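Have a look at the structure below before the remarks.
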2 protein chains.
Amino acid sequence: MRPTVHDIAAAAGVSLATVDRVLNQRPGVRHVTREKVENAIREIGYVRDVAAANLAKGRTYPLVFILPASDNSFMHGLNDEVRAAVARSPAERTDIRTIEVPAFDPTALVTVLDELCEERPSGIALVATDAPDVRDAVDRLVNDGIPVVTLVSDLTGSQRHHYAGVDNIAAGRTAARLLGRFLSSAKGEIAVLAGSMLVRDHRERLEGFAAVIAAEFPSLSILPVIEGRDDPEMAYMLVADALSKKSGIIGVYSLGAGNRGLIRALKEKAVDRSLTVIAHELTAHTRAALLDGTIDAILNQNAGHEVRSAIRVLKAKADGLAVIEAQERIRLDIFLKDNLP
Amino acid sequence: MRPTVHDIAAAAGVSLATVDRVLNQRPGVRHVTREKVENAIREIGYVRDVAAANLAKGRTYPLVFILPASDNSFMHGLNDEVRAAVARSPAERTDIRTIEVPAFDPTALVTVLDELCEERPSGIALVATDAPDVRDAVDRLVNDGIPVVTLVSDLTGSQRHHYAGVDNIAAGRTAARLLGRFLSSAKGEIAVLAGSMLVRDHRERLEGFAAVIAAEFPSLSILPVIEGRDDPEMAYMLVADALSKKSGIIGVYSLGAGNRGLIRALKEKAVDRSLTVIAHELTAHTRAALLDGTIDAILNQNAGHEVRSAIRVLKAKADGLAVIEAQERIRLDIFLKDNLP
DNA sequence: CCAAATTTGATGTACGTAAATCAAAAACTG
DNA sequence: CAGTTTTTGATTTACGTACATCAAATTTGG
């Protein structure tokens, strides 16, 4: 059986109360006694039974998720996952609240963050808009001792405790290599559809994509980025327009959301052309497009994993525990029509 | 605060003892009373506090992992993950034992399984060799009420409770599409290196691979499968031999283990040829080969996820709880040189 | 060396559930 | 309706930890 506090007390030759004082860093223990206990803990390999501890403490973790109010499938999916986490709340001792803010709006985000400074929840997860004001607001929270993790998109230069999302530079590079190899030695132009260069994840994907295309696929040239604000309608118009005007396009990389619009544009304007298309985020729309051949590959981040990881990290930080970075790494999924879940 | 057993007792107008009898299906409760309690549980939305229950029960789960004694990186990795799970045992209330059996040896596997029938652990996970004798031995265990999950490779027609591994047909199909698209319209032969057709995962990968190549890439033809028994030495000799004799080979699919040998053969015999190579399992060797361009893509199953999933499922089955299949789905990782972890 | 302050021990209660015991009540049986 | 069986209630202990209280021992300062 694993050792308990009683075993430590016996091993260290002190009382249960003293062990408790050491374990929970309460005052009133002499230095020598504290060391005796700590040695005993190490020697018999005691690890606190977290379940029992939480039971005794009756602790709950009030957490806040700040999500952009974007009308695209990915954000809806992210919302669903947070709701699923709320449903698991009783078992996980969490108490999760969601706040919606306008997308790509640093000011709104800062307002919300500053309000939370007062409320002092156990932890905050936010989809960051990458702006200095937001960074400062986050740093204020961090300095106030409130754990903060960025979700999906990171915040440059901030002191956030953790980023729960994929490596977007790697994602862009991967997209480039897939596109480049699928197109073999063909020569032509690549259209890139993004949401906004205001969010770091989109900027990084583009950066990685452009780097690999430039270095390894010189026969491909990248057209100026189309910013569709993750909005299906806007994406449709912009992409349809580009396809009409540019006849040299042989590939498309959609690195943001709003793929509904992209797919519609492709079906209307590119039926006769054999485009190679790579998109991000597996949704009902992109899945159908992958299956019918409109899209050739989908890069995906699993929103469920991201939400669960964010919660685990926030809880750990709230308790001052270490995070196993390797375990919290969010993988980049690559889907072809054959390995869809 | 979430409801407790006391709340149910009050709501149902019965005593705590009766609630306990219903919750833990103990005898001595009239049908009407039982229903009263069950209604109360449903109405106030009670969910058992598993942490508290486990604490009270002091329950542990003796589990057994049966792994093949193969000297390749993947199996070493699997072993490491099981050891990591052993390290987490105290926190997870598991008590995990590992048994090594000779690889591809149904008889040895059956012997071990039959011994476990006596020992009656809480659950068994095994890397199955796909043979009727093994299936019968597993079915005996299942009929004895012992939870059994297959790990990495499944067992045809058996009543095992769960399979913790990737969809190998999908994996084979994915490999075929990647290879086909990377090779574009090139014409030539594809060499396939497998471990053994005695294990179902390898058979299924081949099946999926061959199906897609035949249906969608008619310019490619598949050479007779090379069986390297997941052994690096054997794989080296067989692949080197094939590369020397067949000059029409333009692609290689390695669907099993022993890639150390494959890589050596490729470096020695195919420096001058531009082969497209897809292999399974990310190890130190395949990773290096992917980075230096010897391998073009790696399909991977995350051994850690498989082991953790197997444990979760075995525990759930031991307690007669339902498994959330979607959560236990093991994803197929696709690695290019750009998205390595 | 005495008083004050600090450190330690002893003990009890609580968290939510499991499991057991024994008594009381209710339901059946003939 | 008495006697038996079944069902229910009341109560207690336990799991491992947290936390509070009060008394006792030890150390410290003057």
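Convention: sequence-line order gives letters A, B, ...; per-chain numbering from 1. Just so we're clear, the structure is a prediction, and the values are computed from it rather than from any experiment.
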Margin query: Does A/R42 form a side-chain hydrogen bond (donor to acceptor under 3.5 Å, both in side chains) with A/N39? I'd like the steps, not just the answer.
Written below: CA-CA 5 Å; A/R42 228 170 301 119; A/N39 285 334; 3.2 Å; yes

Notebook entry, point to check: Taking A/R59 for the side chain and A/R93 for the main chain, is one N or O donor matched with an acceptor at less than 3.5 Å?
Noted result: no

Checklist line | Whichever of B/G58 and B/G13 has its nearest DNA chain D nucleotide further upstream toward 5' | finding: B/G13

Checklist line | Minimum heavy-atom distance A/N168-A/V152, with the two atoms named | finding: ND2-O, 3.8 Å

Check: How bent is the helix from C/dC1-D/dG30 to C/dG30-D/dC1, comparing axes over its five end pairs at each side, to the nearest 10°?
Finding: 20°

Next item on the list: Kindly give the heavy-atom pair with the smallest separation between A/R135 and A/L155, and that separation in Å.
Entry: CA-CD2, 3.8 Å

Next item on the list: Would you mind classifying the nucleic acid contact of A/G28 as base, sugar-phosphate or nothing, using non-hydrogen atoms under 4.0 angstrom?
Entry: base

Margin query: If you compare all heavy atoms of A/Q301 against all heavy atoms of A/E281, which two are closest, and at what distance to 0.1 Å?
Written below: NE2-OE2, 2.9 Å

Margin query: Does C/dG9 have its OP1 or OP2 closer than 4.0 Å to a side-chain nitrogen or oxygen of A/T18?
Written below: yes

Next item on the list: Assign a letter to each nucleotide of nucleotides 16-30 of chain D from its 5' end: B, base within under 4.0 Å of a protein heavy atom; S, sugar-phosphate only; -, no contact.
Entry: BBSB-B-----S---

Next item on the list: For A/V101 and A/A108, work out which heavy atoms get closest and say how close.
Entry: CG1-O, 4.5 Å

Check: Which atoms form the tightest heavy-atom contact between B/D144 and B/C117, and what is the distance?
Finding: OD2-SG, 3.8 Å

Next item on the list: Using whole Å, report how far CG of B/D7 lies from P of C/dG16.
Entry: 9 Å

Notebook entry, point to check: Which pair of non-hydrogen atoms, one from B/P3 and one from B/D7, has the smallest distance, and what is that distance?
Noted result: CA-OD2, 3.2 Å

